[in-house]
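Here is the structure we will look at, set down as structure tokens.
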Number of protein chains: 2
Amino acid sequence: MLTDRQRDVLGFIQREQRERGVTPSTREIQQHFKLASQTSVMQYIAALERKGFLDRQARKARSLVTAMQKVRITDIPIYGQIPAGMSVLTEQTVEGHVSLDTASVNASKNGRTFALRVRGDSMIDAHILDGDVVILEDRKEVRSGDIVAALIDGETTLKRYVLERGRPYLKAENPLFPNLVPAQELLIQGVMVSLVRKHLPATPRRRI
Amino acid sequence: MLTDRQRDVLGFIQREQRERGVTPSTREIQQHFKLASQTSVMQYIAALERKGFLDRQARKARSLVTAMQKVRITDIPIYGQIPAGMSVLTEQTVEGHVSLDTASVNASKNGRTFALRVRGDSMIDAHILDGDVVILEDRKEVRSGDIVAALIDGETTLKRYVLERGRPYLKAENPLFPNLVPAQELLIQGVMVSLVRKHLPATPRRRI
DNA sequence: AGCAATTATGTTCAAATGAACATAATAAGA
DNA sequence: TCTTATTATGTTCATTTGAACATAATTGCT
């Protein structure tokens, strides 16, 4: 797909962006590769753009070459609680952010992505611990077996969504916690796509 | 710490960087806030920089204002295997990258941070699954109870480091796997600080 | 040999951009 | 009231930077 030289140039751009936070100017690229002419760089950029490896804010003179880096980072807000529908989500309720490259998040393009901090051990058999940050997606289709954030009694809880004989219920992944059969309606707020754990150092944990 | 206006400007810069991938030029900031003079922006930038909210590539004309956003992102290389000491780590063996904000990583400033993709279920009782990306730190002090990547027979494995009566051994967090008592030397490559899981959608998993 | 894509050079231009300087209104505090 | 920080305006300059044009060497393919 790419020639060696083109790959080198792309690599340099990505590295610079990662390390300096800004993409290099065409002339900086020129200097790095010890090219006598800046036009060479223009040609590389054109090729890389044509092949879809670069995305530019064309014409605008600034840091014009922004690497459509394979590691595109999504900034995911962590909510403490989700009061009602996703529509009510404002910046106010944000507890923090997780920034993660899209490759690590299992998210599709459709839904909005957000995160919740897990409270309690009700999902411990699904290997989700108290304190874990679960990344969810506000998605339409929920399949049986998905781990979801659902609204129960005005509280958001994380459970496994199970369809049994056409009827959905919420399964806790811990024998000590009851399953929840929705009385009327079941409001699914998001489907789990990823998880981020901040590991506590040297704290021996036991299974409960 | 910041005035309302300064906070607005900082917010705009951060938002632009997130959404467009590039920080705005001073004149773009000027236009957004409908300021008649670009100098106003220069003053805001100076103030924000003085107070430590901005980090610039001064003089260099480009996308000069790069937000030292509170969510500083570390780019962590994922290694397939770690052949020997950390010193041998080259770009070649890199399998990919995880990009994560430093707040989510439990890393200190001392050590180098890297990641490994977990193979197998030997740590399942510590809630670390096959396929998880474990983020580790090349650190000096290892404490009993830490989960570590260690070199055993030329292979890197993830185990819990336990000190018992002054003698260290490596404990698998799965009764089906044996503990490892080092014959001679124990080479610890890193201590686990975080974990990133890409959750597979709707794949009912069983405990093994 | 002929053709196309890639790689490379040299030159020139216009636009984008950070920087500097003088000046002034407003608000807060001593 | 005096002082200081913040906010704001207007102007000018030097650099940075992307873009365009003509030209040519190299490589691979037909």
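Computed over heavy atoms, backbone and side chain alike; hydrogens, waters and symmetry mates excluded.
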Would you say the side-chain atoms of B/Thr26 and B/Gln38 include a donor-acceptor pair closer than 3.5 Å? yes
Rounded interatomic separation in angstrom, taking CD from B/Gln30 and P from D/dA8: 12 Å
Interatomic distance where CZ belongs to B/Arg50 and C1' belongs to D/dT6 [whole Å]: 10 Å
Comparing nearest nucleotides in DNA chain C, the 5'-proximal residue of the pair A/Leu35, A/Lys51 is A/Lys51
Quick one: does B/Arg160's side chain have a donor or acceptor within less than 3.5 Å of a partner on B/Ile147's backbone? no
Tell me what B/Gln38 touches on the nucleic acid: a base, only sugar-phosphate, or nothing, going by heavy atoms under 4.0 Å. base
Residue-phosphate contact under 4.0 Å: A/Ser25 side-chain N/O, D/dT17 OP1/OP2: yes
Please tell me which of the listed nucleotides, C/dT9, C/dT6, C/dA22, lies nearest to the side chain of B/Thr39? C/dA22
Once the angle between the rings of B/Phe12 and B/His32 is folded into 0 to 90°, is it parallel (under 30°), tilted (30 to 60°) or perpendicular (over 60°)? parallel
Nearest-Å distance for atom pair CD1/C1', residues B/Ile45 and D/dA8: 15 Å
Heavy-atom nearest nucleotide on DNA chain D for B/Ser37 versus B/Asp4: which residue maps closer to 5'? B/Asp4
Give a yes or no on whether a salt bridge exists between B/Glu141 and B/Arg143, defined as a side-chain N under 4.0 angstrom from a carboxylate O. no
At less than 4.0 Å, is any side-chain N or O atom of B/Thr3 found next to OP1 or OP2 of D/dA5? Yes or no. no
Rounding to an integer number of Å, can you tell me how far A/Glu28 CD sits from D/dT15 P? 17 Å
Any salt bridge linking A/Glu49 with A/Lys51? Criterion: basic side-chain nitrogen under 4.0 Å from a carboxylate oxygen. no
Which nucleotide in the set C/dT7, D/dT17, D/dG10 lies at the smallest distance from any side-chain heavy atom of A/Thr26? D/dT17
Round to a whole Å and report the spacing from CZ of A/Arg27 to C1' of D/dA20. 12 Å
To the nearest angstrom, how far is A/Gln43 atom CD from D/dC21 atom P? 13 Å
Does B/Ser40 reach a base, just sugar-phosphate, or nothing at all? Heavy atoms under 4.0 Å. base
Against the side chain of B/Tyr44, the closest entry in D/dC21, D/dT7, C/dT6 is D/dT7
Tell me whether the OP1 or OP2 atom of D/dT26 has a side-chain N or O from A/Arg5 closer than 4.0 Å. no
B/His32 has an atom NE2; how far is it from atom P of D/dA8, in whole Å? 14 Å
Starting at CE of B/Met42 and ending at C1' of D/dT11, how long is that distance when rounded to a whole Å? 14 Å
